[in-house]
Protein chains: 2
Amino acid sequence: MSTESPATRDRILDTAERLFGQQGFSCTSLRQITDEAGVNLASVNYHFGSKEELYKGVLIRRLRPINEERIKLLTQAEQLADEQPVPIRSILETFIRPLLRHATAGSAGGIAFLRLISRDLTDPQPFMTAEMVREIDPLIERYTKVLTKTLPGIPLAELFWRMQFTVGGILYAAAHQRDFERISCGLCRGDDLEGCLRRLIDFCTAGLEAPLSDFAGRLATQSGSDAGPVHP
Amino acid sequence: MSTESPATRDRILDTAERLFGQQGFSCTSLRQITDEAGVNLASVNYHFGSKEELYKGVLIRRLRPINEERIKLLTQAEQLADEQPVPIRSILETFIRPLLRHATAGSAGGIAFLRLISRDLTDPQPFMTAEMVREIDPLIERYTKVLTKTLPGIPLAELFWRMQFTVGGILYAAAHQRDFERISCGLCRGDDLEGCLRRLIDFCTAGLEAPLSDFAGRLATQSGSDAGPVHP
DNA sequence: GATCACTTAAAACAAACGTTTGAATGCATT
DNA sequence: AATGCATTCAAACGTTTGTTTTAAGTGATC
């Protein structure tokens with residue numbers, strides 16, 4: 001059983017990943033996928049059952065190894081820290097690097113996957129959320145715990161917010177990396193993975209360990225330009 | 001001319017905003033919009049010409065006043081600073097507050113609009129990008145200039161990246177504000193606009209003015225836990 | 001009261017969608 | 001050579017989609 005005819009199945013997965021990433025789930029038709037993959041229309045339903053199951057397959061195929069590597073790296077970092085708090089930079093790197101690495105390695109659909117995962121988290125497909133929560137919830141728990149230890153001064157609620165901002169920045173950057181080149185008039189290279197990683201870590205580290213502001217009415221009106229720490 | 005029968009047109013706009021925000025452009029059918037709005041199906045094409053034009057109308061209706069207010073507040077902040085650099089916190093507030101304010105004021109579709117704009121920037125509709133670029137490009141230019149003056153130590157390319165991270169964090173937070181309550185087990189309130197604004201500003205301020213890291217090979221391998229500034 | 005522009009109404013249009021069907025194909029095992 | 005099984009294929013299914021058409025209604029102006 002399952003000797004060797006994954007050619008069709010894999011071609012479908014690769015093509016679907018690319019097209020779902022470029023156009024989204026509902027804007028991509030099975031006919032377009034099968035045409036570009038060079039396979040028969042019915043083979044999707046044969047191998048995956050439905051379009052939605054195909055979508056799940058595409059997402060899980062990449063997401064699971066990414067999250068497994070995150071946990072692995074985080075565990076390593078904790079062991080290396082030896083009961084001491086793990087530096088934020090290390091925590092962030094265990095979170096971001098597997099995403100960027102897996103997504104850009106392997107078949108050409110990698111960069112498309114970044115858009116896909118970004119899209120699905122920004123705008124979840126109803127039939128996907130259950131699967132997604134099951135995949136991500138353990139991660140949230142682990143990262144919350146290790147971050148709490150590293151940032152004991154930040155209240156938990158505050159930390160949750162900042163983790164969300166972090167994820168938002170990461171996803172947006174990952175999905176639009178290629179576009180930055182146009183927006184910045186060539187200043188930002190679209191394929192500079194290490195550069196993107198470093199900048200994300202710089203930015204999010206500062207954001208996560210930012211001092212709590214005393215917000216005594218400063219934001220109450222639209223004046224909002226008095227006080228506040230200014231860079232030197 | 002144009003005496004008073006905006007009832008149908010406006011009901012379409014409001015309902016479309018809500019449904020586009022909840023389900024996205026392609027998952028929302030005209031029939032669903034017209035049914036829930038209590039108007040005839042053909043009236044959409046009569047008033048707007050096509051589904052795509054309706055979408056543009058929904059987006060522009062909110063986005064234009066938001067961006068006008070951003071420019072207005074930014075100009076005020078510059079005048080108040082009087083040739084001095086405008087504090088980052090003020091810059092950020094001129095950018096974020098109009099979005100959150102307009103989006104949650106007025107008709108109930110406000111919160112849906114946040115999801116809508118977030119979705120369209122994360123995952124642009126092809127027919128919309130031209131309109132969007134025209135709407136946003138002047139903003140990028142203005143904010144780039146004022147940020148460059150406030151953060152002279154940050155290279156322009158670095159600044160572009162950080163602006164993207166900022167936008168990503170803002171959009172993600174705006175779109176998921178309501179979900180945070182569930183994720184954080186009630187710790188984060190979904191309707192706390194001022195709180196969200198303050199936290200966003202705290203986070204992004206720190207990120208924007210973060211010191212440049214010396215990245216001498218630190219990120220080359222997956223070890224990645226040596227060196228790096230740790231919080232005190 | 002007739003004329004006009006504007007708006008709504010119901011019905012039909014062709015096109016595209018995801019899915020299903022049943023026959024044809026290839027290939028290992030009997 | 002014949003059987004059994006997994007896979008591929010072309011064709012068709014019933015819906016739903018955005019859009020168009022044609023007719024009916026509405027209210028101000030002459």
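Below, read A as the first sequence line, B as the second, and so on, with proteins coming before strands; counting in each chain starts at 1. The shown structure was predicted, so the numbers you read here are calculated from the model rather than taken from an experiment. Values reported hereafter were calculated over all heavy atoms of this structure, with side chains retained and with hydrogens, waters and symmetry mates removed.
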Point to revise | Options D/dT8, C/dA10, C/dT19, nucleotide nearest the side-chain atoms of A/T8 | key: D/dT8
Study note, to complete from the structure: Considering only heavy side-chain atoms of A/L41, the closest of D/dT19, D/dA11, D/dC9 is D/dA11
Can you find a side chain N or O atom of [X] that sits less than 4.0 Å from OP1 or OP2 on [N]?
{"X": "A/N45", "N": "C/dG18", "answer": "no"}
{"X": "A/S29", "N": "C/dA16", "answer": "no"}
{"X": "B/H47", "N": "C/dT8", "answer": "yes"}

Review point. Among all residues two or more places apart in sequence or in another chain, which pass the ring-ring contact (aromatic ring centres under 6.0 Å, His included) test with B/F127?
Key: B/F25, B/Y55
Practice item. Just call it for B/S43: base, sugar-phosphate, or nothing, with non-hydrogen atoms closer than 4.0 Å on any strand. Key: nothing
Exercise for review: Check every strand shown and say whether A/T28 touches a base, only sugar-phosphate, or nothing at a heavy-atom separation below 4.0 Å.
Suggested key: sugar-phosphate
For the pair made of [atom1] in [X] and [atom2] in [N], what is the distance, rounded to whole Å?
{"X": "B/F48", "N": "D/dT20", "atom1": "CZ", "atom2": "P", "value": "16 Å"}
{"X": "B/E52", "N": "D/dG18", "atom1": "CD", "atom2": "P", "value": "11 Å"}
{"X": "B/Y55", "N": "D/dT19", "atom1": "OH", "atom2": "C1'", "value": "20 Å"}
{"X": "A/F20", "N": "C/dG18", "atom1": "CZ", "atom2": "P", "value": "9 Å"}
{"X": "B/R31", "N": "C/dC17", "atom1": "CZ", "atom2": "P", "value": "16 Å"}

Review point. Is the shortest heavy-atom distance from the side chain of A/T15 to the side chain of A/V39 under 4.5 Å?
Key: no
Practice item. Find the distance between CD (A/E17) and CD1 (A/I12) and round it off to the nearest 0.5 Å. Key: 14.0 Å
Review point. Is the cationic atom of A/R70 (NZ for Lys, CZ for Arg) positioned less than 6.0 Å from the six-membered ring centroid of A/F95 and within 45 degrees of its normal?
Key: yes
Point to revise | Residue met sooner reading DNA chain D from 5', once A/A42 and A/Y46 are mapped to nucleotides | key: A/Y46
